[in-house]
Each structure stands twice: as C-alpha cells, then as structure tokens.
Amino acid sequence: MVQVRIMDTTDPDRARAVTDRILAILRTDPGLMVGDPQELHNRRGPGLRVVVEVALARQPPPPTVIRVKAERADQPQRGRGRLGGRRALPPGG
C-alpha cells in the first residue's frame, strides 16, 4: 500500500488547500486509483496531517482484434464451381 502524506505543523487550512491541489492532479491520471483523504490532527500542535492511499489502476488488456481482408488473385471460371458445374440438387426439388 502506498500512502501520500501532506503535513503542515501550524496551519490546517493550508494543508487542506495543498491536499486539494495534489489530489486534483493525481486523479487526472487514469493509471492511478486515488483514495479518499483522511485527516489526522497533530497531537503536539495546531497542525494537520492528511493521508491518501494511492495504487496503480488495474486496466484490462486491450482486446485482441485481428482483421483479415482477402482477395482472390485469380477469377473463377463460370459454370465450374466445387462440383464441376453440377448443381447439388436437381432443379425443383
């Protein structure tokens, strides 16, 4: 697990403002998953710590599409198909 920590020891509002800017930048990258920020108040003073989890996004592999276009180099002779010019069924049925 990767965590990003933003800290300001004196001004919580500045820590929040910087966090908003950093999160806006991180969330534009489709290769990242960015969690919700968690505020942790400083025990020793008026400051603030903000912790955000960041992970690589699992993107599905692109679909494999193979397209083939084939053209005959020779022209088939009229009246001579696979059955040598005979029809598979007699006419009318």
Side-chain angles (χ1 to χ4, degrees):
M1 166 178 40
V2 177
Q3 290 184 335
V4 175
R5 295 178 184 225
I6 298 103
M7 300 181 351
D8 191 305
T9 57
T10 58
D11 187 359
D13 291 332
R14 185 169 46 194
R16 288 183 189 102
V18 170
T19 299
D20 290 343
R21 297 288 298 268
I22 290 173
L23 291 179
I25 293 168
L26 290 176
R27 287 183 175 141
T28 61
D29 186 345
L32 293 177
M33 292 187 324
V34 181
D36 294 327
Q38 296 178 353
E39 292 187 359
L40 305 172
H41 295 282
N42 193 352
R43 296 181 190 170
R44 292 177 244 163
L48 180 69
R49 274 187 307 173
V50 181
V51 178
V52 180
E53 291 185 14
V54 180
L56 293 175
R58 293 180 186 230
Q59 298 178 352
T64 303
V65 177
I66 299 174
R67 295 181 187 213
V68 177
K69 182 177 180 181
E71 296 181 14
R72 289 186 69 139
D74 63 334
Q75 294 297 322
Q77 296 178 1
R78 293 192 158 238
R80 296 193 49 107
R82 289 180 27 201
L83 300 176
R86 293 181 293 149
R87 293 185 172 192
L89 296 174

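Atom set for the values below is all heavy atoms of this structure, side chains included, hydrogens, waters and symmetry mates excluded.
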Hey, could you give me the [atom1]/[atom2] distance between [X] and [Y], rounded to the nearest 0.5 Å?
{"X": "Arg14", "Y": "Thr9", "atom1": "CZ", "atom2": "OG1", "value": "8.0 Å"}
{"X": "Thr10", "Y": "Leu48", "atom1": "OG1", "atom2": "CG", "value": "11.0 Å"}
{"X": "Met7", "Y": "Leu40", "atom1": "CE", "atom2": "CG", "value": "10.5 Å"}
{"X": "Leu26", "Y": "Asp29", "atom1": "CG", "atom2": "CG", "value": "8.0 Å"}

How close do [X] and [Y] get, counting heavy atoms only, and between which atoms?
{"X": "Pro12", "Y": "Pro46", "value": "CG-O, 3.0 Å"}
{"X": "Gly35", "Y": "Arg27", "value": "O-NH2, 3.3 Å"}
{"X": "Pro30", "Y": "Ala57", "value": "O-CB, 3.6 Å"}

Glu53 meets the salt bridge (Lys or Arg N to Asp or Glu O under 4.0 Å) criterion, sequence neighbours left out, with none
Would you indicate whether the side-chain heavy atoms of Ile22 and Ile6 approach each other to under 4.5 Å?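 When only atoms from C-beta onward are counted, Ile22 and Ile6 do touch, with a gap below 4.5 Å.
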Side chain to side chain contact (heavy atoms under 4.5 Å, CB included) for Val18 and Asp8? Distances and angles first, verdict last. CA-CA 10 Å; Val18 170; Asp8 191 305; over 6 Å; no
Do Val52 and Leu56 share a hydrophobic cluster (ILVMFWY, side-chain heavy atoms under 4.5 Å, transitive)?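 Hydrophobic grouping puts Val52 with Leu56.
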If two hydrophobic side chains count as joined below 4.5 Å and joins carry through other members, does Val51 share a cluster with Val4?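 In one cluster: no.
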